[in-house]
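Note that these values count all heavy atoms, side chains included, but never hydrogens, waters or copies made by symmetry. Naming: A, B, ... by sequence-line order, numbering from 1 per chain.
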Amino acid sequence: MADSPMSFNQQVYALVRRIPAGRVLSYGRVALLLGVPRGARSVGWALGSLTGPEPEVPWHRVVNAQGRISIKGSPDVAARQRAKLEAEGVVFDDNDTIAMNKFLWQPSALDVEAIIQHARDQARGGENDG
DNA sequence: CAATTGACTTGAT
DNA sequence: TATCAAGCCAATT
């Protein structure tokens with residue numbers, strides 16, 4: 001029945017979940033990998049919907065293109081993000097910035113597509129695509 | 001359907 | 001290098 005693809009929101013979660021520990025991704029990069037080169041804001045919006053006590057999505061592995069934490073309105077959440085990243089080995093520069101050239105996750109297009117396909121399959125409730 | 005919002009990004013000054 | 005403004009997309013109301 002689920003002819004409609006899962007919401008952009010779901011795609012974001014699916015991809016973010018595949019971000020390995022110790023690596024980070026930028027909002028714009030996530031959007032780009034999902035096929036929306038200008039959907040950076042939507043990615044942040046999607047992650048903002050999480051901010052739960054214990055979300056199953058490593059939202060903390062997503063930062064802005066500058067490699068800095070961009071969370072607003074909740075300094076506590078921002079602090080938690082940094083703490084989680086540092087706990088995974090991510091190093092912050094003297095300017096509270098992450099070296100994107102070192103910690104940026106760079107999956108291949110095939111990997112990303114496989115992630116989306118798999119996520120879609122789950123969204124269908126285990127139905128085959130046919 | 002139209003208007004508003006937001007954890008972004010890029011270009012110009 | 002730092003600051004300001006405009007563009008973009010999806011969800012919410």
Side-chain angles (χ1 to χ4, degrees):
Chain A
M1 315 312 189
D3 2 346
S4 65
M6 48 184 199
S7 300
F8 184 79
N9 183 314
Q10 290 287 88
Q11 297 188 24
V12 172
Y13 301 152
L15 181 58
V16 173
R17 264 205 274 233
R18 300 294 321 203
I19 303 176
R23 294 282 179 275
V24 299
L25 226 54
S26 71
Y27 301 93
R29 184 59 64 107
V30 173
L32 182 64
L33 293 174
L34 293 179
V36 186
R38 304 297 182 201
R41 309 205 59 169
S42 299
V43 174
W45 188 95
L47 297 179
S49 186
L50 295 166
T51 57
E54 293 187 28
E56 50 187 313
V57 180
W59 54 268
H60 60 272
R61 293 181 191 147
V62 183
V63 297
N64 66 18
Q66 297 181 342
R68 307 217 325 161
I69 293 173
S70 184
I71 295 179
K72 297 185 273 198
S74 288
D76 293 340
V77 179
R80 282 199 317 161
Q81 177 169 13
R82 174 166 178 162
K84 284 172 175 284
L85 287 172
E86 288 185 324
E88 293 182 355
V90 177
V91 180
F92 280 75
D93 197 346
D94 226 8
N95 203 18
D96 300 329
T97 307
I98 300 171
M100 296 303 276
N101 58 2
K102 287 178 58 176
F103 297 100
L104 180 66
W105 185 46
Q106 299 176 310
S108 64
L110 292 176
D111 287 346
V112 175
E113 188 164 354
I115 292 165
I116 303 305
Q117 288 284 1
H118 183 72
R120 290 175 106 192
D121 197 32
Q122 287 193 341
R124 295 167 75 102
E127 275 293 348
N128 60 356
D129 48 80

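- Residue contacts shown for Phe8(A) are limited to sugar-phosphate atoms, with no base heavy atom under 4.0 Å away.
- Rounded to the nearest 0.5 Å, atoms CZ (Phe103(A)) and CD1 (Ile98(A)) are 7.5 Å apart.
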Please output the side-chain donor-acceptor pairs of residues 61-72 of chain A that fall under 3.5 Å, not counting sequence neighbours, one pair per line with the distance.
residue, atom, partner, partner atom, Å
Arg61(A), NE, Glu88(A), OE1, 2.9
Arg61(A), NE, Glu88(A), OE2, 3.2
Arg61(A), NH1, Ile19(A), O, 2.6
Arg61(A), NH2, Glu88(A), OE2, 2.7
Asn64(A), OD1, Gln66(A), N, 3.0
Asn64(A), OD1, Gly67(A), N, 3.0
Asn64(A), OD1, Arg68(A), N, 2.8
Asn64(A), ND2, Arg68(A), O, 3.2
Arg68(A), NH1, Asn95(A), O, 3.0

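- The distance from the CG atom of Leu15(A) to the CG atom of Leu25(A) is 6.0 Å, given to the nearest 0.5 Å.
- Separating the CD atom of Gln11(A) from the P atom of dA10(C) is a distance of 10 Å, rounded to the nearest angstrom.
- Across all their heavy atoms, Pro37(A) and Gly35(A) have their closest contact at CD-O, 3.4 Å.
- Within a heavy-atom distance below 4.0 Å of DNA chain C, the residues of residues 31-38 of chain A found are Val36(A), Arg38(A).
- Each side-chain hydrogen bond (donor to acceptor under 3.5 Å, both in side chains) pair with one or both residues in residues 102-115 of chain A, not counting sequence neighbours, appears once here: Ser108(A)-Asp111(A).
- If you take CG of Asp93(A) and C1' of dT1(C), they are 15 Å apart, rounded to a whole angstrom.
- Rounded to a whole Å, the CD atom of Gln10(A) is 13 Å from the C1' atom of dA11(C).
- Annotation: side-chain hydrogen bond (donor to acceptor under 3.5 Å, both in side chains) contacts of Glu86(A) (sequence neighbours excluded): Arg82(A).
- Within the nucleic acid shown, Gly28(A) comes within 4.0 Å of sugar-phosphate atoms alone, with no base atom in reach, counting heavy atoms only.
- As a whole-Å value, the separation of Tyr27(A) OH from dA10(C) C1' is 16 Å.
- Grouping the Ile, Leu, Val, Met, Phe, Trp and Tyr side chains by contacts below 4.5 angstrom, directly or via other members, places Leu32(A) apart from Ile115(A).
- The minimum heavy-atom distance linking Gly39(A) with Ala31(A) is given by the pair C-CB, 3.4 Å.
- The salt bridge (Lys or Arg N to Asp or Glu O under 4.0 Å) contacts involving residues 10-22 of chain A comprise Arg17(A)-Glu56(A), where partners must be two or more places apart or lie in separate chains.
- The listed nucleotides are dA7(B), dC8(B), dA11(C); the one nearest the side chain of Asn64(A) is dC8(B).
- Computed from coordinates, the Gln66(A) CD to dG11(B) C1' distance equals 14 Å when rounded to whole Å.
- The distance between atom OH of Tyr13(A) and atom P of dA7(B), rounded to the nearest whole Å, is 14 Å.
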Show each protein N/O and nucleotides 2-6 of chain C N/O combination with a separation under 3.5 Å, one pair to a line.
none

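- Where DNA chain B pairs in unbroken runs of 3 or more (Watson-Crick or G-U, both distances under 3.5 Å), the stems are B:2-6 with C:9-13, B:8-13 with C:2-7.
- Applying the side-chain hydrogen bond (donor to acceptor under 3.5 Å, both in side chains) test to every pair with at least one member in residues 29-47 of chain A, sequence neighbours left out, gives no pairs at all.
- Judged as a side-chain hydrogen bond (donor to acceptor under 3.5 Å, both in side chains), and not counting sequence neighbours, the contacts of Asn9(A) are Tyr13(A).
- In this structure, Ser26(A) does not reach the dC8(B) phosphate: none of its side-chain N or O atoms is under 4.0 Å from OP1 or OP2.
- Atom CZ of Arg80(A) and atom C1' of dA7(B) are 13 Å apart (whole Å).
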Protein-nucleotides 1-6 of chain B N/O pairs closer than 3.5 Å?
residue, atom, partner, partner atom, Å
dG6(B), N9, Arg41(A), NH2, 3.2
dG6(B), N7, Arg41(A), NH2, 3.4

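- Of the candidates Val36(A), Val12(A), Leu33(A), Val43(A) forms a side-chain contact (heavy atoms from CB on, under 4.5 Å) with just one, namely Val12(A).
- Regarding Leu25(A), its CG atom lies at a distance of 15 Å from the P atom of dC8(B), rounded to whole Å.
- The CZ atom of Arg80(A) sits 5.0 Å away from the CH2 atom of Trp59(A) when rounded to the nearest 0.5 Å.
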